[in-house]
Amino acid sequence: METQKTFDVTGMRCASCVAVITKKLSVMPGVTACDVNIATERAVVEFDPSKVTVDVMNETLSPLGYVLRESLSDLKSDTVKVADATKDMKKEALEKARGNMLFSFPLSLLVFALMMWEAVARIFPSVPPVPLPMETLTIFLFLVSTAVLFWIGSPFVRAIGTFVRHGVATMNTLIGIGTTTAYVSSSIIVFFPEIRDFFFLSSDTYFDVTIVVIGFIVLGKYLEMKSKLKTGDAIEKLLHLQAKSALIEKDGTAVEMSLEDVRPGDFVVVRPAETIAVDGILIRGTSSVDESMITGESIPVLKQSGDIVRAGTLNTTGSFTFRATKVGSETLLSRIIQMVEAAEGSKAPVQALVDRISGVFVPSVLVISVVTLAAWIFFGTPVLGFSQALSLGILSFVGVLVIACPCALGLATPTAIMVGVGKGAEEGILVKNASALEKLHTVDTIVLDKTGTLTMGKPEVSSFQNFSQKSDHDILSLLASLESTSEHPIASAIVEYAKRKSIPLRDVNTFEAIPGKGIKGMIGNELYIAGNEALLESHGIDLQSISNARNAHYEVSTHVFLASEGVVLAVLSVSDQLKPGATEAVRTLTKQGLRVILLSGDHERVARDIAEQSGITEVIAHALPEDKVREVKQLQAAGRVVAFVGDGINDAPALATADIGIAMANGTDAAIESADVAILHGRLEKIAKAIHLSRFTVSGIRQNLFWAFIYNSIGIPIAAGLFYPVFGWTLSPVFAGLAMSLSSVSVVLNSLRLKTKKL
Ligand code: ADP
Ligand code: MG
């Protein structure tokens with residue numbers, strides 16, 4: 001039996017580590033799939049626990065410097081705590097990076113200043129030389145570079161060992177070989193003058209290269225980690241919504257309890273301005289609740305007895321008591337956090353390509369750097385003499401190794417995705433994964449369901465007509481009982497109507513929902529059906545018998561017929577209202593060049609009326625769930641990229657068929673999981689916002705990839721000295737280190753810039 005586990009991975013530095021870990025894990029017997037993410041520093045591994053264990057995986061990985069630890073989020077405990085702990089771990093790593101940076105960066109600056117001074121003094125004779133004897137300076141640089149390389153730079157030095165023993169090369173290997181080469185060759189020149197003279201080497205040393213390159217890289221890494229934490233801000237904001245404790249009613253008094261001790265069924269007391277601690281159903285009192293933090297909807301919602309309240313939302317001025325229904329990792333807030341986390345860690349399709357490129361990048365760079373060194377000696381010696389050619393060759397060798405790190409490349413996609421997903425979540429737009437976010441902007445056709453999507457989804461009973469011998473009371477009881485087994489908004493309206501009239505419900509046996517038509521079930525010994533005309537037809541009921549009723553109720557509402565034994569007993573009309581803002585939302589979508597289609601299971605005249613009100617011109621009515629799927633498929637066959645927008649309860653097949661399924665959650669939890677994108681408050685204008693979000697996230701990814709590639713593709717030939725023969729250009733490894741750090745930092749900053757975009 002295969003299981004899937006998420007691991008926190010320590011020791012990852014860049015995209016090449018992703019390639020290494022993926023390669024090592026996926027060839028292990030028993031491992032079937034493996035997905036490593038640099039932005040979240042996690043690995044999702046699918047494996048057969050009877051064939052391979054985590055310890056075995058670590059046996060392979062730890063010599064390479066990586067350790068897998070079972071992610072806390074897999075232990076199914078309190079989501080909020082887990083996310084907090086992960087965050088703490090990352091902050092700890094950031095503290096360490098800060099310490100490294102504070103040690104090495106000032107030293108780098110000092111050395112850099114000395115270098116600059118020396119260079120300036122060489123060009124302008126009027127500038128006095130560095131007032132230190134050459135020997136003192138060299139010994140100083142030697143000591144500093146020893147400390148920097150073997151303490152701060154120890155991961156880089158260790159990476160060389162890993163490379164030699166296991167043949168695995170990552171970004172650390174490149175930096176390690178580069179800085180160690182500079183250090184070792186300089187040490188030889190200083191301490192072994194015989195060797196120096198034997199090879200006719202000049203007495204120039206490159207200790208400064210080791211110090212400054214490591215200094216810049218450590219600084220770059222620190223800034224990158226710091227900004228990376230910020231790209232994941234959305235989760236932190238959600239985490240802070242969580243209340244710490246709850247007031248629980250116990251034997252008539254309210255007792256303060258910590259969150260873990262709250263159980264479903266507990267009565268929770270909420271006072272004015274308090275955050276609601278867990279999910280539940282209001283039983284006493286009324287109040288307005290600000291749900292904006294979860295749904296993005298800014299107007300407080302009035303909550304009365306029977307309404308659902310959510311953990312993390314804020315009570316305004318009233319007081320009330322509710323019965324806890326969902327606690328811990330089951331609350332909507334927890335599930336949103338889990339989803340956002342999973343989405344932020346998921347990989348965009350372009351990422352696969354980027355990972356492949358990064359994987360071959362490191363070995364290629366190693367080859368290029370060796371070729372560079374050889375070319376300098378071979379072509380340089382006749383012109384410059386061996387000593388100078390070797391000297392420039394070593395500098396170029398180091399420069400190529402340092403500048404070519406695929407660090408920025410690895411950050412380009414995941415950081416933009418993290419920002420995009422987080423930004424969506426803040427607006428109540430939950431995007432399930434990176435590929436959905438990437439694909440969304442290609443959508444050109446929006447197919448909208450009617451009930452609950454364009455309309456409020458809270459139909460009201462507008463008329464009732466009884467054709468039978470039974471009393472209205474009995475008929476309504478039968479109908480409402482039957483509907484109480486259904487989740488359809490129409491069903492809820494009817495049950496609500498009966499409740500208000502204090503009509504008791506009866507037991508229903510062997511009931512069954514008939515998608516797109518209605519419902520059937522046994523009450524007592526009789527089989528009843530309730531639903532639309534199509535349902536009656538499919539049960540062979542003559543519609544003629546009720547044609548009068550239809551005429552009488554020829555209005556823009558949906559009819560629900562109750563029938564038994566081939567006879568129509570009653571008809572009830574429900575009407576639903578267009579959502580506020582629907583017309584504007586449709587107009588925005590049309591203006592953006594999108595084709596908007598209304599696809600409804602309801603009667604033609606109802607669908608047309610709603611379409612007209614909202615400004616939609618294309619209408620397809622009488623569509624059963626399978627018809628909806630067929631329509632979507634037809635549009636796709638005609639080359640359209642289709643987003644289907646539904647309520648997620650009875651539209652699951654169409655949501656799954658469409659290129660992008662968008663669920664209008666409207667407070668039903670089921671919808672959140674069933675689609676690629678869930679819109680929490682069911683606001684239609686969020687569709688256009690979601691598309692906009694996708695558009696600028698994708699363009700952010702493209703910019704990032706461009707910046708990452710441009711640094712490497714321009715940097716490598718310059719560092720190699722390819723332009724030296726023509727323009728006399730060389731690139732000091734010091735600047736290579738600076739450029740490399742800058743490229744990562746600029747990519748992460750560009751992703752952060754997306755945060756400031758208005759949706
Ligand atoms: P839409 O969301 O476009 O209204 P649905 O597939 O949800 O489409 O429903 C189609 C039609 O089926 C409804 O308009 C209604 O007439 C009928 N129907 C579905 N479920 C029920 C039910 N539980 N009770 C009564 N009628 C129902
Ligand atoms: Mg529907």
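When a ligand or atom number is given, it counts from 1 through the structure's own listing order.
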Practice problem: Pick one of side chain, backbone, both or neither for how Asp602 approaches ligand 1, counting any non-hydrogen atom pair under 4.0 Å. | Solution: both
Quiz item: Can you find an N or O of Ser486 that's nearer than 3.5 Å to an N or O of ligand 1?
Solution: yes
Quiz item: In terms of the angle between their ring planes, are His559 and Phe561 parallel, tilted or perpendicular, with boundaries placed at 30° and 60°?
Solution: perpendicular
Practice problem: Enumerate the atoms of ligand 1 whose separation from the nearest heavy atom of Gly531 is less than 4.0 angstrom. | Solution: 25 (C), 26 (N)
Exercise. Any atoms of ligand 1 less than 4.0 Å from a non-hydrogen atom of Thr558? List them with their elements.
Key: 14 (O), 16 (O)
Quiz item: Hey, is Arg608 close enough to Glu604 for a salt bridge, meaning N to O under 4.0 Å?
Solution: yes
Quiz item: Has Lys628 got any heavy atom lying under 4.0 angstrom from an atom of ligand 1?
Solution: yes
Quiz prompt | CD (Glu526) with more than 12 external heavy atoms under 6.0 Å | solution = yes
Self-check item: Residues Lys439, Asp676: salt bridge by 4.0 Å N-O rule
Solution: no
Quiz prompt | Distance-only N or O hit between ligand 1 and Asp651, under 3.5 Å | solution = no
Quiz item: For atom CD of Gln577, is the number of surrounding heavy atoms from other residues, nucleotides or ligands below 6.0 Å larger than 12?
Solution: no
Self-check item: Numbered atoms of ligand 1 (with element) below 4.0 Å of Gly601, judged on heavy atoms
Solution: 1 (P), 3 (O), 8 (O), 10 (C), 11 (C)
Exercise. Start with the C-alpha distance between Ser573 and Ser463, add both sets of side-chain angles, then the distance that settles side chain to side chain donor-acceptor pair (under 3.5 Å), and finish with yes or no.
Key: CA-CA 5 Å; Ser573 319; Ser463 72; 2.8 Å; yes
Self-check item: Distance filter under 4.0 Å to Lys450 heavy atoms, resulting ligand 1 atoms
Solution: 3 (O)
Exercise. Please determine if Gly516 has a nitrogen or oxygen closer than 3.5 Å to a nitrogen or oxygen of ligand 1.
Key: yes
Quiz item: Do any nitrogen or oxygen atoms of Thr451 lie less than 3.5 angstrom from nitrogen or oxygen atoms of ligand 1?
Solution: yes
Self-check item: Residue pairs, two or more places apart or on separate chains, that pass salt bridge (charged side-chain N to carboxylate O under 4.0 Å, His left out) and touch residues 590-603
Solution: Lys450-Asp602, Arg595-Glu618
Quiz item: Hey, does Val560 come in under 3.5 Å of ligand 1, counting only N/O atoms on both sides?
Solution: no
Quiz item: Does Lys517 approach ligand 1 within less than 4.0 angstrom via side chain, backbone, both or neither, non-hydrogen atoms only?
Solution: backbone
Practice problem: Let me see the working for Glu291 and Lys303 under salt bridge (charged side-chain N to carboxylate O under 4.0 Å, His left out), right down to the final yes or no. | Solution: CA-CA 11 Å; Glu291 297 191 317; Lys303 298 284 181 181; 3.0 Å; yes
